[in-house]
Number of protein chains: 2
Amino acid sequence: MASDHTRSAILAAAERLYADRGFGDVTLRDIVAEAGVNLAAVNYHFGSKDELIAELFVTRSIATNRERLRELKAAEEEGGGRAPIEVILRALVGPTLRGCLGPENQRSTAARFMIRASIESVPPIRRIKNREIDHLRKFAGAMRRSLPDRNDVDIYWGLNFALAMAHHTIRESERLTKLSEGKCDLDDVEDVVARVVSVATMALTAGRAEAKAPSKVAAR
Amino acid sequence: MASDHTRSAILAAAERLYADRGFGDVTLRDIVAEAGVNLAAVNYHFGSKDELIAELFVTRSIATNRERLRELKAAEEEGGGRAPIEVILRALVGPTLRGCLGPENQRSTAARFMIRASIESVPPIRRIKNREIDHLRKFAGAMRRSLPDRNDVDIYWGLNFALAMAHHTIRESERLTKLSEGKCDLDDVEDVVARVVSVATMALTAGRAEAKAPSKVAAR
DNA sequence: GATAGTTTCATACAACTGTTTGAATTGCAA
DNA sequence: TTGCAATTCAAACAGTTGTATGAAACTATC
């Protein structure tokens, strides 16, 4: 088994580069240069570039999901099996937002890598990603227990919108800052979390009777 | 000037392939094969691959923005300079949603291409994309006129969340269908539009006093 | 300290990329 | 028809990619 030093140096370098520049722009030669190892080391230790990406993604996936589920479980136990919807949503979007936003030096490479993975969707990742549905289903279940009056469709749409706001805000944080001329403070992570959770909660709890039934006045 | 046949064949083929498979996976040889023209034609007519992408994006950008602004203008004129916030939001997200969702055969290649462009962000597009901020500012202005009591920060966050829900729903439509076991009907475009608009409107109009001021009870 | 197994290294390889070239072909005006 | 420009084409180019090779360097066991 030896030192494992090269292996982990490659993993760390690859994660850093992918997080910063995306999958498309990072070559094996970039990775080995950043890691300070030989070009052949990647194929020796991981088999192929795709397997390196896959290992990176699986590891981080498990960690992120565990973190989110930990918050969720704790909340549900505290509430005797039923957690407030805000807390569930916070467990869903909080970890990712905290990892990806905030002052530059505090951002986690892991979280930024995961966002890249959720955006670019290279083949090795796409293959694994289907498992994430099972993970989201656990949140859907908790939400259903929290809001027993809501039907499934609304639950799923709420879940979808919560993830939408979190991910989009991360991806387009630069543009939002520019658009608002700095008025939207993306470094105040807890405020961002509060905003996302607040809107998602409204989406899930408001009696949105007017959205489906009525006249559907199209603006065109 | 001649027939221009080759030029437009390339544009059409490129847009189709990029919309379907993304920028990363489509090579010049794929494009010319699809278009039925010679490999050198791209460089002859457009100068380079990047310029081809740029032309495609600029054309579609202008068209999409014009469509959105048309709806916006009409609404504001009808309201004497002030349009209801729902109508503004509908003008913002409606055209894109209608183009990208709905029954397979009705989806517009142009809209799907634009979504790709908004996701993958290759260099030639990134350069152009900054202009889109000016376009969004026009919507921010209309929203401000519609909701004069709201401060700018809330306006920008509402705009951000509206785009977030629309784009994310398009990008992850397949996953949402799978997650909800088909219960969320992505083919009913007007329902999707209504949901996005409804939630975004709540985000912009609800007295969300609880989000900023209070105790900030973090779940961790 | 010799040996066997693991790991590193420089280098080469084959495949693919966007681009260029220069000759062939076309279309059209005189 | 002749002549000239615009366009198409097959072929080659130079660069980059991920991967494979076989020799060298290391490591630990006896």
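A, B, ... follow the sequence lines: proteins, then strands. Residue 1 opens every chain.
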Rounded to whole Å, how long is the line connecting atom CD1 of A/I10 with atom C1' of C/dC9? 13 Å

Mind calculating the distance between CZ (A/F46) and P (D/dT19) to the nearest angstrom? 13 Å

Could you verify whether a donor N or O on one side chain and an acceptor N or O on the other, from A/R144 and A/Y156, lie under 3.5 Å apart? yes

Spacing between B/I53 atom CD1 and C/dT19 atom C1', to the nearest angstrom: 15 Å

In whole angstroms, how far is the C1' atom of D/dA25 from the NE2 atom of A/H5? 17 Å

B/E71/B/R98 salt bridge by N-O under 4.0 Å criterion: yes

Does A/H45 place a side-chain N or O at less than 4.0 Å from the phosphate oxygens OP1/OP2 of C/dT8? yes

Picking from C/dT19, C/dT8, D/dT8, the nucleotide nearest the side-chain atoms of B/K49 would be C/dT19

Taking the basic N atoms (NZ, or NE/NH1/NH2) and the acidic carboxylate oxygens, is any pair closer than 4.0 Å for A/R150 and A/D154? yes

What's the closest nucleotide to the B/A40 side chain, out of D/dC9, C/dG18, C/dC9? D/dC9

Smallest separation among heavy atoms of B/T109 and B/A19, with atom names: O-CB, 3.9 Å

Whole-Å distance separating the CG atom of A/N43 from the P atom of C/dT8: 13 Å

Phosphate contact (D/dT8 OP1 or OP2) by B/T6 side-chain N/O below 4.0 Å: yes

Out of the candidates A/L92, A/L89, A/V192, only one should pair with A/V197 under the side chain to side chain contact (heavy atoms under 4.5 Å, CB included) rule; please name it. A/L89

Where along residues 29-38 of chain A does a heavy atom fall under 4.0 Å from DNA chain C? A/R29, A/N38

Would you indicate which nucleotide in C/dG18, D/dT17, D/dT7 comes nearest to any side-chain atom of A/T27? D/dT17

Whole-Å distance separating the CG atom of B/L39 from the C1' atom of D/dC13: 12 Å

Would you mind checking if A/D30 and A/R16 are paired as a salt bridge, meaning a charged N to carboxylate O distance below 4.0 Å? no

Tell me the interatomic distance from A/D25, atom CG, to D/dT17, atom C1', rounded to whole angstroms. 13 Å

